Colleague: 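A single structure is presented below for examination.
Values in this document were obtained by computation on a predicted structure and should not be read as measured data. Residue numbers begin at 1 in each chain, while the letters A, B, ... track the order of the sequences.
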There are 4 protein chains.
Amino acid sequence: QFYLEPEDIKIRHKKYHRASHKGDYGKVMLIGGSLGKVGAVYMASKGALRTGSGLVSAFVPKCGLNILQASLPEVMVEISNNEYIIDALPENMERFDAIGIGPGKGTDIKSAEVLQKLMSRYKKNIVIDADAINIIAQNEEIKDLIRDNMILTPHVMEFERLVGKCIDHTDRLKKAIDFCAVHKCILILKGPNTTICMPDGRMYFNSTGTKYLATGGTGDVLTGILTSFIGQGYSAENAAICGVYHHGLAGQLASVNKLHGTIATDIIDKIPETFYVLNHSAGNF
Amino acid sequence: QFYLEPEDIKIRHKKYHRASHKGDYGKVMLIGGSLGKVGAVYMASKGALRTGSGLVSAFVPKCGLNILQASLPEVMVEISNNEYIIDALPENMERFDAIGIGPGKGTDIKSAEVLQKLMSRYKKNIVIDADAINIIAQNEEIKDLIRDNMILTPHVMEFERLVGKCIDHTDRLKKAIDFCAVHKCILILKGPNTTICMPDGRMYFNSTGTKYLATGGTGDVLTGILTSFIGQGYSAENAAICGVYHHGLAGQLASVNKLHGTIATDIIDKIPETFYVLNHSAGNF
Amino acid sequence: QFYLEPEDIKIRHKKYHRASHKGDYGKVMLIGGSLGKVGAVYMASKGALRTGSGLVSAFVPKCGLNILQASLPEVMVEISNNEYIIDALPENMERFDAIGIGPGKGTDIKSAEVLQKLMSRYKKNIVIDADAINIIAQNEEIKDLIRDNMILTPHVMEFERLVGKCIDHTDRLKKAIDFCAVHKCILILKGPNTTICMPDGRMYFNSTGTKYLATGGTGDVLTGILTSFIGQGYSAENAAICGVYHHGLAGQLASVNKLHGTIATDIIDKIPETFYVLNHSAGNF
Amino acid sequence: QFYLEPEDIKIRHKKYHRASHKGDYGKVMLIGGSLGKVGAVYMASKGALRTGSGLVSAFVPKCGLNILQASLPEVMVEISNNEYIIDALPENMERFDAIGIGPGKGTDIKSAEVLQKLMSRYKKNIVIDADAINIIAQNEEIKDLIRDNMILTPHVMEFERLVGKCIDHTDRLKKAIDFCAVHKCILILKGPNTTICMPDGRMYFNSTGTKYLATGGTGDVLTGILTSFIGQGYSAENAAICGVYHHGLAGQLASVNKLHGTIATDIIDKIPETFYVLNHSAGNF
């Protein structure tokens with residue numbers, strides 16, 4: 001069991017050569033969105049951009065096309081045929097170095113089929129969040145597809161849907177360890193002191209974060225951050241550790257003078273500063 | 001009769017535990033909007049977010065869907081079947097810890113029916129503003145539904161539609177006391193020195209605020225602030241007192257160097273700072 | 001002939017009582033927009049808001065509805081029946097304390113008819129800009145409708161369309177004086193040292209402004225500022241003088257560190273500061 | 001071979017008279033966009049505005065109309081008949097002082113025909129980027145239309161599509177010289193130390209820029225900057241040299257405290273500051 005210190009993060013940071021180009025920073029895709037919940041994909045996609053991805057694409061139902069294009073010009077948008085539901089996968093998925101799925105997505109049958117196909121066919125790393133976790137919780141067949149190239153990011157309620165009711169947090173952590181051992185995946189159990197469980201039973205407890213992160217959309221931002229790190233070539237383990245740490249730190253920086261009034265887009269805007277602050281500081285935050 | 005001082009507000013502030021999660025900050029819904037007036041729901045919804053709600057949903061006619069999604073990614077949007085009018089209530093309203101209704105809404109028959117149903121069926125607190133007040137003023141049957149779980153926020157003109165013409169401000173305050181005694185509701189009479197009337201006849205006079213708040217959309221922001229506080233678990237009384245105070249203070253902070261040029265979105269952006277300023281200051285503003 | 005000094009502006013500023021309300025700051029409407037040129041109405045409307053109007057409405061073709069609602073939540077939008085053209089006037093125009101017309105509008109026959117009706121029927125002040133001026137230049141019948149409640153704001157090219165080719169700037173100023181004498185209107189001839197001509201032959205030369213104002217949309221912003229001042233109760237003369245001065249000053253403040261890169265929305269954002277700066281400074285800018 | 005120093009840029013800057021007007025700053029058009037890639041035209045258009053163009057128009061498929069209008073009010077938008085593809089040229093192209101084409105555009109046959117027509121008919125300067133380059137790479141007939149009034153801005157991959165695989169960077173530069181000698185065009189080979197090749201064989205190596213520019217949309221921004229400079233009356237040579245330099249400097253300024261988290265819109269916002277910084281500094285950046 002490890003408590004994450006700034007030095008644990010710095011040593012995991014990838015160093016970029018002065019002459020690196022767009023491709024070196026990775027090409028990632030975020031899949032999600034549904035009627036009235038397209039903002040979740042905005043959060044995840046902009047989170048990925050602000051973490052340093054070279055190219056970010058979003059895959060949404062048709063209803064998300066104009067919304068994302070009007071608010072996020074850096075992101076390329078691809079669409080599903082259906083107006084409100086993701087009823088197909090993007091073509092040629094191997095273009096992407098990592099895929100994040102879940103934010104703002106539905107739990108209907110079509111969406112479940114799409115998730116299942118993605119988990120079967122896409123061989124690189126997948127970050128699985130929100131309704132994608134809820135789908136898995138309801139479907140053993142899809143649960144069996146969880147593999148060592150996947151990071152799941154449930155909050156407490158989503159986690160208990162996945163593994164059943166827990167007696168207390170100790171029980172929850174035990175069940176998380178078991179879950180990762182069985183499925184060989186990485187699991188990020190979100191909450192105060194977010195915990196990262198590795199397939200071999202190692203656990204990392206995050207030292208950044210604040211109660212002010214408890215607001216709608218912050219989970220989507222984390223999905224974007226994680227997907228971005230993996231797309232940049234971080235191992236899933238290093239992406240999980242760095243992602244959780246930077247996400248929490250961004251929340252702290254955003255809330256310094258906004259307190260309860262901090263919203264998810266504030267946190268996204270602070271992601272770049274987390275790298276700056278981390279590199280120029282000594283000690284904990 | 002009380003004149004609100006900073007200490008009156010601070011003691012009413014809820015304290016949050018370090019380990020609180022999204023649910024602790026409440027889940028609220030704002031209902032409103034119509035053709036060309038969707039901005040009012042934007043104001044109310046973003047006002048609620050900036051006051052600290054964990055989850056904010058908006059319920060609008062279809063014409064409001066893309067507008068809100070493109071400009072406010074943190075808010076989840078649900079829609080009525082009608083393109084321009086709210087002709088139905090959201091499903092499963094008890095999901096929400098509080099509902100605010102009125103901003104940008106019409107006064108047509110369908111809208112009146114929807115308001116009537118909401119007031120009959122929803123058992124938690126409701127904040128009633130703008131056209132929702134105008135509907136009540138025209139309909140005794142709906143007026144009879146006003147109960148002790150409701151806050152009405154008329155400005156002077158809306159108030160006189162509700163209770164009839166007043167001779168002067170003293171008469172107006174007297175009628176406000178009578179109104180609250182009859183309906184057991186809380187009434188916030190907006191204007192210079194906004195006054196809060198309680199069902200038992202107590203009146204609070206706000207000490208914050210500025211003439212620069214007299215611009216379109218500021219009333220909608222107040223609706224969002226009030227709904228947010230109630231959703232966070234404040235009593236209706238404490239929500240009314242804190243809401244009015246923070247709203248006025250946000251107006252003061254926003255207008256320091258913008259004067260007449262202050263607009264409603266400036267005020268929203270200053271809500272978080274009101275908590276910071278209030279906690280770090282001594283004396284009045 | 002007068003060269004405008006800061007003191008000329010300050011004495012014309014309306015003083016507002018501490019207890020003033022939304023109505024005291026006026027209710028104005030901006031009419032304009034067409035396919036691909038809706039941004040012009042955005043500029044004018046936001047310009048009016050930032051100058052201090054209590055309520056700002058925009059009247060646009062249908063194609064402008066979602067664009068304005070998504071980008072400017074404080075403004076209420078009303079629409080013409082036609083998708084791309086303004087083919088009718090708003091109902092009940094006397095609701096508004098002043099109307100500005102022209103930005104982004106077309107010069108087609110329908111648009112000309114609408115302008116003609118507005119100038120015949122609306123009895124309060126009208127600010128006439130851009131394509132509304134071009135329509136007048138092509139139509140003697142509409143030109144005859146110009147009256148003492150109107151401000152025209154042509155730039156040099158639009159002015160010459162109105163009065164015919166001019167030999168030089170002296171000739172231009174002479175023709176402007178003649179034009180105002182005949183039509184009893186106020187004319188603002190935009191350009192370096194913008195000149196304001198009164199019906200009685202008085203001319204004011206503006207002392208604020210910068211070459212960096214020479215960018216698309218700044219004329220629309222001026223229309224919004226002028227309409228706002230009139231709606232706040234300024235005489236047309238005072239509105240013209242103050243409007244031109246504040247507009248130029250906003251351009252100066254916006255371009256201090258943006259130089260050629262200054263764009264129209266930068267200028268809008270600086271309008272509030274012009275009041276602040278003017279009130280706290282001595283001497284010229 | 002030249003390494004660009006600040007003084008090389010300053011002497012190429014056009015000086016504007018105090019009394020210059022909108023026309024003096026040029027009228028330019030940016031052509032591009034397709035389903036899900038409209039953001040690229042946003043980048044190019046806003047880049048042109050921030051570089052100082054007096055009037056900027058965008059030409060996009062229908063699907064781009066509302067997206068651009070809602071996010072960029074200063075830009076006038078004209079549309080192709082097709083919903084998703086540019087299937088025609090704008091009318092009366094000679095209105096524009098320069099045209100940039102390519103960002104977010106497709107490579108389909110219709111788009112190729114449109115590019116061919118533009119290159120045949122438009123007699124002023126054209127900046128050719130992105131998919132417009134990819135079209136040329138696939139079509140010898142269009143390649144033959146490259147003339148001395150054109151600037152091509154390929155990144156390494158696009159360049160090799162154009163001239164064939166290169167052994168190393170030396171080979172690449174040699175092929176660039178050959179390409180410019182044959183076609184009499186200017187070629188900007190984007191990458192670390194972006195290189196500008198002139199038709200007569202002179203090469204300039206840029207001294208500004210940063211690895212943090214390697215993010216989606218920055219190439220589109222460069223297209224806007226180049227088109228803007230030409231439209232302002234810079235020679236193609238001076239536009240290429242100044243454009244590349246300012247673009248790189250904007251990237252440096254934007255990334256100072258955003259590092260990997262820098263995105264293309266950050267860079268656009270820093271363009272104005274590049275003029276300021278360049279004029280107030282001595283020595284290199």
Colleague: Top residue by heavy-atom pair count (under 4.5 Å) with chain B, among C:Leu68, C:Asp24, C:Leu49, C:Thr274?
Modeller: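 With the most close heavy-atom pairs to chain B, the winner is C:Leu49.
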
Colleague: Do you know which of B:Gly191, B:Gly217, B:Ser71, B:Ala264 has the most heavy-atom pairs with chain C at a distance under 4.5 angstrom?
Modeller: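 Of the candidates given, the most pairs with chain C belong to B:Ala264.
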
Colleague: Are any of the side-chain nitrogens in B:Asp266 or C:Arg50 under 4.0 Å away from the carboxylate oxygens of its partner?
Modeller: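 Yes, B:Asp266 and C:Arg50 are salt-bridged.
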
Colleague: To the nearest 0.5 Å, how far apart are CD in C:Gln69 and CG in B:Asn66?
Modeller: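 Going from CD on C:Gln69 over to CG on B:Asn66, the span is 12.0 Å.
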
Colleague: Between the side chain of C:Glu74 and the main-chain N/O of B:Thr265, is any donor-acceptor distance below 3.5 Å?
Modeller: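 Side chain of C:Glu74 to backbone of B:Thr265: a pair is present.
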
Colleague: Just verifying a value: how many Å separate C:Glu273 CD and B:Lys258 NZ, rounded to the nearest 0.5 Å?
Modeller: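 Answer for the CD-NZ pair, C:Glu273 versus B:Lys258, is 9.5 Å.
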
Colleague: Does CD in C:Glu94 sit with more than 12 non-hydrogen atoms of other residues, nucleotides or ligands closer than 6.0 Å?
Modeller: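 Check passes, neighbour count above 12.
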
Colleague: Taking atom CZ of C:Phe275 and atom CG of B:Leu259, what is their separation to the nearest 0.5 Å?
Modeller: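 Answer rounded to 0.5 Å: 8.5 Å.
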
Colleague: Relative to chain B, which segment of C:Lys46 carries a heavy atom at a distance below 4.5 Å: side chain, backbone, both, or neither?
Modeller: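 Side chain only.
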
Colleague: Heavy-atom cut-off 4.5 Å, strictly under: side chain, backbone, both or neither for C:Val75 against chain B?
Modeller: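 Backbone only.
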
Colleague: So with a 6.0 Å cut-off around NZ of B:Lys174, is the heavy-atom count from everything else above 12?
Modeller: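 No.
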
Colleague: Should C:Pro272 and B:Thr262 count as side-chain neighbours, where that means a heavy-atom distance under 4.5 Å?
Modeller: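 A side-chain contact under 4.5 Å is absent here.
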
Colleague: Might you point out which heavy atoms bring C:Leu55 and B:Gly216 nearest each other, and give the distance in Å?
Modeller: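 Nearest heavy atoms, C:Leu55 then B:Gly216: CD2-CA, 3.8 Å.
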
Colleague: Nearest 0.5 Å, what's the NE2-CD1 distance between B:His260 and C:Ile271?
Modeller: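 Spacing of NE2 (B:His260) from CD1 (C:Ile271) equals 13.5 Å.
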
Colleague: Please determine whether the number of non-hydrogen atoms from other residues, nucleotides or ligands lying under 6.0 Å from atom CD1 of B:Ile167 exceeds 12.
Modeller: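 Open.
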
Colleague: Look at atom NZ of C:Lys105 and say whether more than 12 heavy atoms of other residues, nucleotides or ligands are closer to it than 6.0 Å.
Modeller: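 Counting other residues, nucleotides and ligands, NZ of C:Lys105 exceeds 12 neighbours.
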
Colleague: Given a strict heavy-atom distance threshold of 4.5 Å, which part of C:Ser53 is in contact with chain B: side chain, backbone, both, or neither?
Modeller: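 Looking at C:Ser53, just its backbone touches chain B.
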
Colleague: Between CG of B:Leu35 and CD1 of C:Ile79, what distance do you get to the nearest 0.5 Å?
Modeller: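 Going from CG on B:Leu35 over to CD1 on C:Ile79, the span is 5.0 Å.
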
Colleague: Distance from C:Tyr25 atom OH to B:Thr215 atom OG1, nearest 0.5 Å?
Modeller: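 Rounded to the nearest 0.5 Å, the OH-OG1 separation comes out at 9.5 Å.
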
Colleague: Looking at C:Lys10, I want to see if its NZ is surrounded by more than 12 non-hydrogen atoms of other residues, nucleotides or ligands under 6.0 Å.
Modeller: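 More than 12 heavy atoms, drawn from other residues, nucleotides or ligands, come within 6.0 Å of this atom.
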
Colleague: What part of B:Val221 gets closer than 4.5 Å to chain C, counting heavy atoms only: side chain, backbone, both or neither?
Modeller: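 The answer is neither part of B:Val221.
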
